[in-house]
Amino acid sequence: MGKNPLIILGADHAGFKIKEFIKRELLKKNYPLQDVGTFSLKRVDYPDYAEKLALEVRKNKQRKGILACGTGIGASIAANKIAGIRAALVSNSRDARLSIEHNNANVLVLGGRPFNKEETKRIIRIWLNSSFQGGRHQRRLKKISNLEKKYLGAVK
Ligand code: RB5
């Protein structure tokens, strides 16, 4: 399984349980993993973990991140502030597939409160096994990169 990409895992306290569940599932499948925390249910701030994860993911184009907070909303807003990150908040396997096929998302974001184990396994499996379609979608991703250049850091 040497071809599996490095998966970076991160979560706040409300995403801790789903992160640990995903970690166990991916370890069974021999994915190389890096866990940036949090490592307990003690209350923390999701932007800190979104940042830690995003900085690891964007080091290398092959890397992928799986990030969680209570709803997934705060973590996805925070991660998408970091240039080079395309974080997709997903709640079903169809969106998981399309977030790769159309958006080439490099971070999957999940809500951990509550979470369904079987649906989570399905989302992860499909997300990790889908392929970017390129073509017109590549043109749109280029426009997103242009938005980053134009606006990120521009708000005073
Ligand atoms: C933490 O209570 C919660 O606000 C956080 O996990 C997340 O859901 C924010 O969007």
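Note: hydrogens, waters and symmetry copies are ignored here, and every other heavy atom, side chains too, is used. We count ligands from 1, going down the list as the structure has it; atoms in each ligand are counted the same way.
Below 30°, between 30° and 60°, or above 60°: for His102 and His137 the angle between ring planes is below 30°, a parallel geometry.
A cation-pi arrangement, defined by a distance under 6.0 Å to the six-membered ring centre and an angle within 45 degrees of its axis, is present between Lys52 and Tyr49.
Ligand 1 places these atoms under 4.0 Å from at least one heavy atom of Ala14: 6 (O). Less than 4.0 angstrom separates some heavy atom of His13 from each of these atoms of ligand 1: 1 (C), 2 (O). The contact set between ligand 1 and Gly70, taken as ligand atoms under 4.0 Å from a residue heavy atom, comprises 5 (C), 6 (O), 7 (C), 8 (O).
For atom 7 (C) of ligand 1, the nearest non-hydrogen atom of the protein is Cys69 SG, 3.3 Å. Of the protein's heavy atoms, Tyr46 CE2, 3.4 Å lies nearest to atom 9 (C) of ligand 1. The nearest heavy-atom contact from the protein to atom 10 (O) of ligand 1 is Gly74 N, 2.9 Å. Atom 8 (O) of ligand 1 has as its closest protein heavy atom Thr71 N, 3.0 Å. Nearest to atom 2 (O) of ligand 1 among the protein's heavy atoms is Arg113 NH2, 3.5 Å. Protein heavy atom closest to atom 3 (C) of ligand 1, with residue, atom name and distance, is Asp12 OD2, 4.3 Å.
Under the 4.5 Å side-chain heavy-atom criterion for Ile, Leu, Val, Met, Phe, Trp and Tyr, Val109 and Ile123 are members of distinct hydrophobic clusters. Under the 4.5 Å side-chain contact rule for hydrophobic residues, Ile73 and Ile85 share a cluster.
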- Task: Step by step, work out the salt bridge (Lys or Arg N to Asp or Glu O under 4.0 Å) result for Arg122 and Glu119.
- Result: CA-CA 5 Å; Arg122 196 173 310 124; Glu119 185 63 5; 2.2 Å; yes
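A 6.0 Å sphere centred on NZ of Lys17 holds no more than 12 heavy atoms belonging to other residues, nucleotides or ligands. Atom CZ of Arg140 has more than 12 heavy atoms from other residues, nucleotides or ligands within 6.0 Å.
The backbone N or O of Gly15 lies less than 3.5 Å from no partner atom in the side chain of Arg113, so there is not a single donor-acceptor pair.
Ligand 1 has no nitrogen or oxygen under 3.5 angstrom from a nitrogen or oxygen of Gly72.
At a heavy-atom cutoff of 4.0 Å, ligand 1 is contacted by no atom of Arg43, backbone or side chain.
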